[in-house]
Amino acid sequence: MGLLIAIARRCQLNSQRFEFEHKSVLISRAKTDLASKISDYQMTQNDYESDSAEYKEFTERIERLNQVDKRLDEQLNKIQTQLQIIEAEYGTYDEMVRSNIERMYRR
């Protein structure tokens, strides 16, 4: 019975790992797009005088995008932490499966 539970949990952890990896890829893409948008705004901002309304508006947009980037970094860090936890637990159940199989063949 322990073997079946370990195999089932290992499958569940694999599914969770793939889900978190997918989220990680999506966030990384969003960060790349965001960095491109920030760069575009900065280049456009340079076309205006520093005391103009347009310049100030681009400054505000850039600041908001930087805040979004920071939140994405926090989400990415949380996902990386979750992936580490899943990997550790997966290793435990993987070892459990191996030891159960070894015990079955030693008999």
Side-chain angles (χ1 to χ4, degrees):
M1 188 68 158
L3 177 61
L4 292 177
I5 292 171
I7 290 172
R9 181 63 180 149
R10 202 174 60 167
C11 289
Q12 186 181 36
L13 289 169
N14 243 352
S15 176
Q16 288 176 350
R17 180 178 53 173
F18 291 139
E19 181 182 328
F20 280 118
E21 287 174 347
H22 179 70
K23 286 179 182 179
S24 177
V25 167
L26 292 177
I27 290 172
S28 294
R29 278 191 201 151
K31 284 182 58 59
T32 301
D33 293 344
L34 199 56
S36 175
K37 183 67 80 177
I38 290 170
S39 177
D40 290 346
Y41 281 167
Q42 288 171 335
M43 289 174 55
T44 304
Q45 181 186 36
N46 290 334
D47 294 339
Y48 297 99
E49 295 294 323
S50 61
D51 58 347
S52 69
E54 293 86 359
Y55 185 92
K56 291 175 184 174
E57 183 169 331
F58 278 110
T59 301
E60 290 173 10
R61 287 182 184 180
I62 291 168
E63 185 56 39
R64 281 189 299 232
L65 291 177
N66 281 327
Q67 290 172 1
V68 171
D69 188 53
K70 187 176 181 179
R71 281 183 290 210
L72 289 174
D73 278 336
E74 291 169 359
Q75 288 180 354
L76 199 53
N77 286 336
K78 287 178 185 177
I79 288 172
Q80 294 300 325
T81 301
Q82 288 294 327
L83 281 171
Q84 290 172 351
I85 291 168
I86 288 171
E87 289 295 328
E89 189 176 351
Y90 184 88
T92 300
Y93 281 99
D94 195 45
E95 182 58 37
M96 195 181 298
V97 168
R98 286 186 199 155
S99 66
N100 276 306
I101 290 173
E102 286 175 9
R103 273 189 296 202
M104 286 177 13
Y105 284 108
R106 278 191 251 163
R107 293 182 184 175

Hey, can you pull the donor-acceptor pairs under 3.5 Å for the side chains in residues 83-99, sequence neighbours left out?
| residue | atom | partner | partner atom | Å |
| --- | --- | --- | --- | --- |
| Glu87 | OE2 | Arg17 | NH1 | 3.2 |
| Glu89 | OE1 | Arg9 | NH2 | 3.2 |
| Glu89 | OE2 | Arg9 | NE | 2.9 |
| Glu89 | OE2 | Arg9 | NH2 | 2.8 |
| Thr92 | OG1 | Ala88 | O | 3.2 |
| Asp94 | OD1 | Arg10 | NH1 | 2.6 |
| Asp94 | OD2 | Arg98 | NH2 | 2.7 |
| Ser99 | OG | Glu95 | O | 3.3 |
| Ser99 | OG | Met96 | O | 3.0 |

Can we say Glu19 and Lys23 salt-bridge, meaning some charged N sits less than 4.0 Å from an Asp/Glu carboxylate O?
yes
From Ile79 atom CD1 to Ile27 atom CD1, the distance as rounded to the nearest 0.5 Å
3.5 Å
Looking at Arg61 and Glu57, does any basic side-chain N land under 4.0 Å from a carboxylate oxygen?
yes
Are there more than 12 heavy atoms of other residues, nucleotides or ligands under 6.0 Å from atom CD of Glu49?
no
Criterion side-chain contact (heavy atoms from CB on, under 4.5 Å) on Gln16 and Leu13, from CA distance to verdict
CA-CA 5 Å; Gln16 288 176 350; Leu13 289 169; 3.7 Å; yes
I'd like to check the side chain to side chain contact (heavy atoms under 4.5 Å, CB included) partners of Tyr55; sequence neighbours left out, ordered by chain and number.
Gln45, Tyr48, Ser50, Ser52, Thr59
Side-chain donor-acceptor distances from residues 31-41 under 3.5 Å, at least two apart:
| residue | atom | partner | partner atom | Å |
| --- | --- | --- | --- | --- |
| Lys31 | NZ | Asp69 | OD1 | 2.6 |
| Lys31 | NZ | Asp73 | OD1 | 2.7 |
| Thr32 | OG1 | Ser28 | O | 3.0 |

Heavy-atom pair with the smallest gap, counting every atom of Ala30 and Leu72:
CB-CD1, 4.1 Å
ILVMFWY network linking Leu76 to Leu26, side-chain heavy atoms under 4.5 angstrom:
no
